[in-house]
Amino acid sequence: MPLDDAYANAAYIEGAETYPPKWAAAASAFREGLGARAELGLSYGPRDRQVFDFFNVEGVSRGTLIFVHGGYWKAFDHSSWSHLAAGAMASGWSVALPGYDLCPQVRISDITRQIAMAVMKIADRSLDPIVLAGHSAGGHLVSRMMDPLVLPEPVRRRIERVAPISPVADLAPLLETSMNEILRLDADEVAAESVTNMAPPQEASVKIWVGGDERPVFLEQADAQAKAWGVGQVIVPGKHHFDVIEALEEPDSDLVQFLTGQ
């Protein structure tokens with residue numbers, strides 16, 4: 001397919017195959033270190049993957065960061081990313097990581113609805129502020145939460161900041177990739193689910209992150225969303241699609257400082 005190579009991240013990252021096991025190991029160690037403060041496998045829906053992990057800070061929480069993982073809507077689950085909660089938790093924020101069903105068992109529009117269900121369930125835990133971050137496909141999903149047709153207004157208005165990281169904002173190019181055999185996108189779903197077709201959100205502050213060494217299409221995707229929404233973007237020098245998220249582990253990183261309102 002014409003655009004397969006353009007969206008092939010791993011083929012252009014040295015040692016790409018080592019990242020998933022490193023993520024899983026770091027995530028497991030992080031959860032073990034939290035002990036009872038890690039609430040695991042909390043249900044937000046009827047299906048096995050419709051669960052979230054919730055990590056409680058010591059003392060009074062300043063709010064909740066919800067992080068949504070990537071994987072082109074067809075890979076991974078929430079358990080590989082627990083360690084990315086470290087930066088926000090060090091800044092006094094609780095963190096929730098929802099899972100979701102994967103394509104082709106469901107469509108992208110179904111996943112959007114699932115993440116909305118998760119956000120509503122997580123929001124029910126407190127009246128604290130909420131901030132959202134998501135990587136790649138997760139960047140698309142957290143952006144979709146700002147659609148008035150996706151989340152009810154009382155929940156949406158509690159979302160103070162959103163950080164899509166290397167988001168896939170315009171889904172139309174994916175029609176020209178072989179992965180669409182799994183995603184099963186069609187023209188109607190592309191129109192409905194593309195973030196670039198949304199009205200810019202009014203309630204939340206949004207800033208887009210992308211690695212300077214990412215595939216050109218991800219720089220284009222980030223720029224397209226920034227322009228469509230009239231928001232800023234941060235191009236991080238020397239970072240690629242797999243390591244740009246590491247900033248979430250550092251409380252002093254610009255990304256965590258933005259999310260936590262520092």
Side-chain angles (χ1 to χ4, degrees), residues 6-7 9 23 65-78 80-81 84-85 87-88 95-100 102-103 108-109 111-116 118-119 130-147 150-151 159-174 179 183 185 190 192-198 200-201 204-236 239-248 253-256 258-259:
Y7 283 88
N9 287 301
W23 292 328
L65 163 64
I66 301 174
F67 174 79
V68 181
H69 73 83
Y72 281 132
W73 307 271
K74 63 183 180 65
F76 298 115
D77 67 36
H78 66 293
S80 291
W81 317 98
L84 300 183
V95 178
L97 295 95
Y100 51 85
L102 302 177
C103 300
I108 290 175
S109 53
I111 299 173
T112 293
R113 286 189 287 271
Q114 289 185 14
I115 294 302
V119 171
I130 297 168
V131 297
L132 305 178
H135 177 233
S136 196
H140 161 267
L141 292 166
V142 296
S143 299
R144 291 288 292 125
M145 294 305 103
M146 303 315 298
D147 186 333
V150 171
L151 274 181
I159 299 172
E160 295 188 347
R161 291 172 291 279
V162 184
I165 306 166
S166 310
V168 186
D170 178 6
L171 304 190
L174 301 182
M179 80 174 84
L183 302 180
L185 283 164
V190 163
E193 284 292 321
S194 288
V195 172
T196 47
N197 292 340
M198 287 174 54
S205 175
V206 181
K207 189 176 288 188
I208 297 165
W209 260 258
V210 66
D213 288 350
E214 299 214 37
R215 302 290 288 138
V217 292
F218 278 92
L219 291 165
E220 294 166 7
Q221 287 272 2
D223 191 58
Q225 182 173 353
K227 288 178 177 176
W229 282 21
V231 299
Q233 62 174 312
V234 177
I235 301 174
V236 187
K239 294 296 182 181
H240 53 63
H241 196 71
F242 286 2
D243 64 4
V244 67
I245 52 175
E246 293 174 356
L248 287 169
S253 70
D254 290 344
L255 177 54
V256 172
F258 167 73
L259 284 167

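This is a predicted model, so every value here is computed, not measured.
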Checklist line | Spatial distance of atom NE2 (His140) from atom CG (Asp170) [nearest 0.5 Å] | finding: 10.0 Å
Check: Under a 4.5 Å cut-off applied to non-hydrogen side-chain atoms, are Val150 and Arg113 in contact?
Finding: no
Notebook entry, point to check: Where does the angle between the aromatic ring planes of His69 and Trp81 fall among parallel (under 30°), tilted (30 to 60°) and perpendicular (over 60°)?
Noted result: parallel
Notebook entry, point to check: For the atom pair CZ (Phe218) and NE2 (His240), what is the distance rounded to the nearest 0.5 Å?
Noted result: 13.0 Å
Margin query: Under a 3.5 Å distance rule, please check whether Tyr7 uses its side chain to pair with a backbone N or O of Pro173 as donor and acceptor.
Written below: no
Check: What residue among Val210, Leu255, Val142 forms side-chain contact (heavy atoms from CB on, under 4.5 Å) with Ile165?
Finding: Leu255
Next item on the list: Please check if the side chain of Gln221 supplies one atom and the backbone of Ala169 the other of a donor-acceptor pair under 3.5 Å.
Entry: yes
Next item on the list: Measure from the side-chain N and O atoms of Ser136 to the backbone N and O of Gly70, and report whether any donor-acceptor pair falls under 3.5 Å.
Entry: no
Next item on the list: Compute the ring centroids of Phe67 and His135, then answer whether they are less than 6.0 Å apart.
Entry: no
Note to self: Under a 3.5 Å distance rule, please check whether Arg161 uses its side chain to pair with a backbone N or O of Phe258 as donor and acceptor.
What the structure shows: yes
Notebook entry, point to check: So among Leu65, Val162, Val206, Ile115, which one has a side-chain contact (heavy atoms from CB on, under 4.5 Å) with Leu132?
Noted result: Val162
Margin query: If you count heavy atoms of other groups shown closer than 6.0 angstrom to CG of Asp243, is the number above 12?
Written below: yes
Notebook entry, point to check: Do you know the tightest heavy-atom contact between Gln225 and Pro164?
Noted result: NE2-CG, 3.8 Å
Notebook entry, point to check: Is it true that a side-chain atom of Trp73 and a backbone atom of Leu141 form a donor plus acceptor pair closer than 3.5 Å?
Noted result: no
Note to self: Return the CG to CD1 distance between Leu219 and Ile235, rounded to the nearest 0.5 Å.
What the structure shows: 6.0 Å
